[in-house]
Protein chains: 2
Amino acid sequence: MFELDIRSRKPIYEQLVDKLKELIISEVMKADEQLPSVRVMAQQLTINPNTIQKAYRELEVQGYIYSIKGKGSFVSPDTPKQNSEKMKTIKTELIKLLSEAMYLGITSDQLVEIIKEVESTIGGGSKSDSIQ
Amino acid sequence: MFELDIRSRKPIYEQLVDKLKELIISEVMKADEQLPSVRVMAQQLTINPNTIQKAYRELEVQGYIYSIKGKGSFVSPDTPKQNSEKMKTIKTELIKLLSEAMYLGITSDQLVEIIKEVESTIGGGSKSDSIQ
DNA sequence: CATCTGTATTACGATTAATAGTACACTAGG
DNA sequence: CCTAGTGTACTATTAATCGTAATACAGATG
C-alpha cells in the first residue's frame with residue numbers, strides 16, 4: 001500500500017500522515033470514504049497499531065479525516081484546501097516573512113504569541129489543539 | 001550581575017541570551033563595548049564557561065554581538081531592533097498573511113511546524129518552551 | 001613565553017520523542 | 001447478549017535530542 005522507510009530520520013507516523021494527506025488532497029480517496037482500520041493498516045505495514053493511530057489522530061487534528069469510536073476513520077467531506085494555488089502562495093510568502101523576522105531577532109515565543117492573537121480574532125473555529 | 005534561575009525550565013544559556021539582549025536593545029551596553037569574558041562570566045555565575053559561550057554564540061548568530069578569538073566579545077554596532085520600521089512592517093504583513101492562511105484552514109500546529117522549519121534554516125534561533 | 005581571550009570536541013545526565021504492548025470502550029451484526 | 005470488528009487511553013521501552021560540563025586547542029597581547 002505504501003512504502004515506508006523504517007530507518008528514515010522522519011518518524012513513521014509522519015511519513016504516513018504525509019502519504020495519506022496526499023491521497024486525500026489529490027482526491028484519490030474521496031469524502032467519507034473509510035480508511036483501513038488501525039489494525040489492518042498496522043498488519044499490512046508490520047508496525048504497531050498505535051503508530052497508525054497517532055497518524056490518524058494527527059490527520060484528524062488537521063481536519064483531513066474524522067474518526068468514530070467503534071466504527072472507523074473516514075475522509076473528511078471538507079478537507080483543508082491547502083493545495084490551492086492561493087494557499088501555496090501564502091505559504092511561500094509566509095516563509096519569506098518569517099525568515100526576515102527571525103533574522104531581525106524575533107523569537108519563536110513572540111511568533112507563537114502572534115499566532116495566538118490572530119487565532120482568537122479569526123474565531124474559535126480552529127481544529128487544532130491550542131498552543132501552550 | 002544577573003539573577004539566573006538554575007532550576008527554571010528555561011535553559012540557563014537562554015536566560016542569559018534574553019538578559020543580554022535586553023541590555024543591548026535598551027542600550028545599557030553600547031556599541032563595541034566589551035562583554036565579560038566567558039570565563040569571568042562563568043565564574044561570577046558559578047556555571048560552566050561553555051554555557052556562557054553557547055549564549056554568546058547565539059547572540060552572535062542573531063547579530064547582537066560579535067566575537068574575536070583571542071580578544072573578546074563585543075556589542076554589535078548595528079544590532080537588530082524589533083521596534084524598527086522594518087520590523088513593524090513585517091509584523092503587520094505577517095498578521096495579514098496569518099489571518100488569510102488560517103481562514104483557508106491552516107492550523108496552529110502547522111504554523112508552528114513552519115516556524116520550526118524556518119528556525120532551523122536560519123541556523124537555530126532561540127528555542128522556546130512553547131514549541132514542542 | 002605567560003596569560004589573557006574565544007572555540008572545538010567529547011562525554012555525561014536528563015529530558016523528550018517515537019514506537020510498542022496491553023487493556024479499555026464503543027458499534028454493529030448474529 | 002455476545003462476538004468481532006472498530007477507535008482510544010495508559011503505560012513501558014527504546015532511541016534521539018538537549019543542556020551542561022570537562023578538557024584541549026588556537027589566536028591575541030604584552
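Protein chains get the first letters and strands the later ones, always in sequence-line order, with residue 1 at the start of each. Side-chain atoms are counted along with the backbone in the values below, which use heavy atoms only and exclude waters and symmetry mates.
Between Asp5(B) and Lys10(B), no side-chain nitrogen of the basic residue sits less than 4.0 Å from a carboxylate oxygen of the acidic one, so the salt-bridge criterion is not met.
A straight line from CE of Met41(B) to P of dG6(C) spans 10 Å, rounded to a whole angstrom. Straight-line distance from the CZ atom of Arg9(A) to the C1' atom of dA15(D): 12 Å, rounded to whole Å. Here the C1' atom of nucleotide dC18(D) and the CZ atom of Arg57(B) are 15 Å apart, to the nearest Å. If you measure from atom CD of Gln34(B) to atom P of dA28(D), you get 15 Å, rounded to the nearest angstrom. If you take CG of Leu35(B) and C1' of dT5(C), they are 13 Å apart, rounded to a whole angstrom. One can place CD1 of Ile52(B) at 13 Å from C1' of dG6(C), the figure rounded to the nearest angstrom. Rounding to whole angstrom units, CD1 of residue Ile65(A) and C1' of dG7(D) are separated by 11 Å. Separating the CG atom of Leu4(A) from the C1' atom of dA18(C) is a distance of 14 Å, rounded to the nearest angstrom.
Heavy-atom distances under 4.0 Å link DNA chain D to Ser67(A), Ile68(A), Lys69(A), Gly70(A), Lys71(A), Gly72(A), Ser73(A) of residues 66-76 of chain A, given in residue order.
No donor-acceptor pair under 3.5 Å is formed between the side chain of Glu58(B) and the backbone N or O of Val17(B). Not a single donor-acceptor pair under 3.5 Å links the side chain of Lys91(A) to the backbone N or O of Lys88(A). Here the side chain of Thr79(A) pairs no donor or acceptor atom with the backbone of Ser76(A) at under 3.5 angstrom.
Within a 6.0 Å radius of CD in Glu27(B), other residues, nucleotides and ligands contribute 12 heavy atoms or fewer. Within 6.0 Å of CD on Gln43(B) lie no more than 12 heavy atoms contributed by other residues, nucleotides or ligands.
The side chain of Val40(A) has dT6(D) as its nearest neighbour among dA20(C), dT6(D), dA18(C). Side-chain proximity of Val38(A) to dG19(D), dA20(C), dG7(D): nearest is dG7(D).
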Could you go through the salt bridge (Lys or Arg N to Asp or Glu O under 4.0 Å) check for Lys96(A) and Glu93(A) one step at a time?
CA-CA 5 Å; Lys96(A) 210 185 303 174; Glu93(A) 194 63 28; 3.5 Å; yes
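The base of dT6(D) sits with one of its N or O atoms less than 3.5 Å from a complementary donor or acceptor on the side chain of Arg39(A).
If Pro49(A) and Ile6(B) are placed on DNA chain D by their nearest nucleotide, the residue sitting closer to the 5' end is Pro49(A). Both Thr51(A) and Tyr56(B) lie close to DNA chain C; mapped to their nearest nucleotides by heavy-atom distance, the more 5′-ward contact belongs to Tyr56(B).
Under 4.0 angstrom from either OP1 or OP2 of dT7(C) there lies no side-chain N or O belonging to Asn50(B). Between dT8(D) and Gln53(A), a contact under 4.0 Å exists linking OP1 or OP2 to a side-chain N or O. OP1 or OP2 of dT6(D) sits under 4.0 Å from a side-chain N or O of Ser37(A).
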